[in-house]
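These notes are about the structure you will find just below.
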Amino acid sequence: MNSSFDINKIVRPNVSALKSYSSARDEYQSTGNSMIFLDANENPFPTNVNRYPDPQQRDLKSRLGELKGIDPENILLGNGSDEVLDLIFRAFCEPGMSNVITLPPTYGMYGVLANINNVENREVQLSEDFEPRVEEIFQNVNEQSKIVFLCSPNNPTGNSFSEERVLEIINRFNGLVVIDEAYIDFSQAPSWLERLAEFPNLIITQTLSKAYGMAGIRLGTCYASREIIEILNRIKPPYNINGLTQEKALEAVLDTGRVHGEITRITGQRDYMSSELSKLEFVERVFPSDANFLLVRVDDATKRYKQMLERGIVVRNRTTQPLCGNSLRFTIGTEPENRSLLDELTKITKQENL
Ligand SMILES: *Cc1c(COP(=O)(O)O)cnc(C)c1O
């Protein structure tokens, strides 16, 4: 338990003083009865989307809450987790003053959002085995440090961080710890969601963009204490989750059978691809993965990247990232897509050995 954490010391003073904007749909929530709605200047003729969507996404949060075992009051939804991350910056970081801690190599958006919000990004590189270096993190923390971003399973390395290290960071840090669990559904490690209630400074983000197969609708989820969610609600755009997204997202979270089936296939393919890729001559190392991608160190990443492009296969070249020299990130595709990748890579090897 982090006893020195005080949310009132973390929130920006101007945000603390804000009252949230009250939209028409906040002031009167449709009950489904035959009310006549003349309050929001909508066009009355039905198009299926002629009405403003629910600004608090009650149906969706209630279903998500059931699925995750979390009270809807502990949930905030965003236009992708990228919007959630931006809201967190804007609620808690004072431009030109605050700093955040990020642990490269990791997801690029934390640094991008820090720049956009004029917040210093203190980068503390992961260890050689891609774990957070706890002492180095705390050497970089000062009074102005508001947030530590932990991505677990981490993009692009694919590993989950050690539970003990994450726990120590949450317990020692007097600011907020954001755990980005975009890939948690592919992982054997439990979600930190199970322990959310223990930590007043913990924020967990997840997304429908990866395992749920809905990157196109843009829906990110954020789980935290009621106090934190209440602050984020104050600054979010009233209708940030459009009606079509709410509808599709509800379908996805109800269809757990489809999602689980796909996760099983993807993780099965991941483990198969890991062993097949290891056999290739120019592959030096396939890193273990808890996600739906593999980080692979090769002899010459840029050369291999171009060879694959010429054969119509797009992967991600991560060679310029710290600790990722000559490394490529392969997303796990369908069985035939993965087969094609292996076939092309085998052909490349054979040609070179002629
Ligand atoms: C893909 C990804 C996301 C997802 O972002 P959305 O805006 O929800 O699509 C978040 N965090 C990480 C680490 C990711 O790799």
Side-chain angles (χ1 to χ4, degrees), residues 57 60-61 64 68 75-90 100-114 116 121 123 126 130 132 147-161 166 176-187 189 191-193 202-224 232 236-237 240-242 244-246 248-249 252-253 259 262-263 266-267 270 287 289-295 314-318 321-324 327-333:
Q57 310 98 24
L60 183 51
K61 280 185 191 167
L64 266 172
K68 304 281 179 180
I75 307 177
L76 175 111
L77 304 180
N79 184 13
S81 21
D82 290 349
E83 185 188 41
V84 171
L85 297 170
D86 185 51
L87 289 173
I88 296 169
F89 268 96
R90 290 197 287 128
V100 299
I101 312 280
T102 64
L103 315 182
T106 194
Y107 188 45
M109 277 309 284
Y110 316 134
V112 169
L113 289 168
I116 291 171
N121 177 17
E123 299 188 294
L126 295 173
F130 303 141
I147 311 170
V148 175
F149 287 94
L150 304 177
C151 185
S152 182
N154 187 39
N155 177 6
T157 59
N159 62 305
S160 305
F161 293 155
V166 172
L176 295 163
V177 176
V178 173
I179 306 185
D180 183 340
E181 292 191 337
Y183 299 98
I184 193 67
D185 303 292
F186 302 106
S187 172
S191 166
W192 282 90
L193 215 44
L202 178 59
I203 299 180
I204 295 162
T205 63
Q206 296 182 357
T207 178
L208 294 204
S209 297
K210 307 286 157 65
Y212 282 80
M214 299 233 162
I217 70 171
R218 313 303 302 128
L219 192 94
T221 58
C222 170
Y223 305 94
L232 296 174
K236 84 171 183 67
N240 63 328
I241 311 298
N242 72 66
L244 298 173
T245 291
Q246 291 190 41
K248 284 298 273 188
V253 294
V259 175
E262 291 172 3
I263 291 169
I266 291 168
T267 53
R270 173 191 71 201
F287 291 95
S289 172
D290 271 343
N292 66 334
F293 57 82
L294 291 167
L295 187 72
V314 194
V315 301
R316 195 97 157 106
N317 187 355
R318 297 284 77 190
Q321 297 294 302
L323 305 173
C324 296
S327 298
L328 300 168
R329 192 191 67 192
F330 297 86
T331 305
I332 304 304

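These values consider heavy atoms only, across backbone and side chains, with no hydrogens, waters or symmetry-generated copies. Read the numbers this way: they start at 1 and go in the same order the structure lists the ligands and their atoms.
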Check: [X] side chain, [Y] main-chain N or O, donor-acceptor pair, under 3.5 Å:
X	Y	result
Asn154	Pro105	yes
Ser327	Cys324	yes
Asp290	Ile184	no

> Rounded to the nearest 0.5 Å, how far does CD1 of Ile88 lie from SG of Cys222?
Replying inline: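 Separation between the atoms: 5.0 Å.
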
How far is [atom] from its nearest protein heavy atom, and which residue and atom name does that atom have?
atom	value
atom 12 (C) of ligand 1	Asp180 OD2, 3.4 Å
atom 5 (O) of ligand 1	Ser81 OG, 3.2 Å
atom 9 (O) of ligand 1	Ser209 OG, 2.7 Å
atom 1 (C) of ligand 1	Lys210 NZ, 1.3 Å
atom 7 (O) of ligand 1	Arg218 NH2, 2.6 Å
atom 15 (O) of ligand 1	Tyr183 OH, 2.6 Å

> side chain to side chain contact (heavy atoms under 4.5 Å, CB included) with Gln206: which of Asp180, Val84, Thr221?
Replying inline: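 Of all the options given, the one that passes is Thr221.
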
> Among Ile147, Val178, Val112, whose side chain to side chain contact (heavy atoms under 4.5 Å, CB included) with Leu85 holds?
Replying inline: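 That would be Val178; it is the only one of Ile147, Val178, Val112 passing the side chain to side chain contact (heavy atoms under 4.5 Å, CB included) with Leu85.
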
>> Quick check on the 6.0 Å ring-centre criterion: do Phe287 and Phe293 meet it?
In response: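 Ring centroids of Phe287 and Phe293 are no less than 6.0 Å from each other.
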
> Looking only at distance, does Asn155 have an N or O less than 3.5 Å from an N or O of ligand 1?
Replying inline: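 Min N/O separation from ligand 1 is below 3.5 Å for Asn155.
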
>> Give the atom numbers and elements of ligand 1 that come within less than 4.0 Å of a heavy atom of Cys151.
In response: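 Result: 13 (C).
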
>> Taking 4.0 angstrom as the limit and counting only heavy atoms of Ala182, give me the atoms of ligand 1 inside it, by number and element.
In response: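 With Ala182 as reference, the close atoms of ligand 1 come out as 2 (C), 3 (C), 10 (C), 11 (N), 12 (C), 14 (C).
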
> Any heavy atom of Ala215 sitting closer than 4.0 Å to ligand 1?
Replying inline: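 The answer is no, since Ala215 has no heavy atom less than 4.0 Å from ligand 1.
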
> Do the non-hydrogen side-chain atoms of Leu126 and Leu323 ever get within less than 4.5 Å of each other?
Replying inline: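 Touching, per the 4.5 Å side-chain cut-off.
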
> Side chain, backbone, both or neither: which part of Met109 comes within less than 4.0 Å of ligand 1 when only heavy atoms are counted?
Replying inline: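 No part of Met109 is near ligand 1 at this cut-off.
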
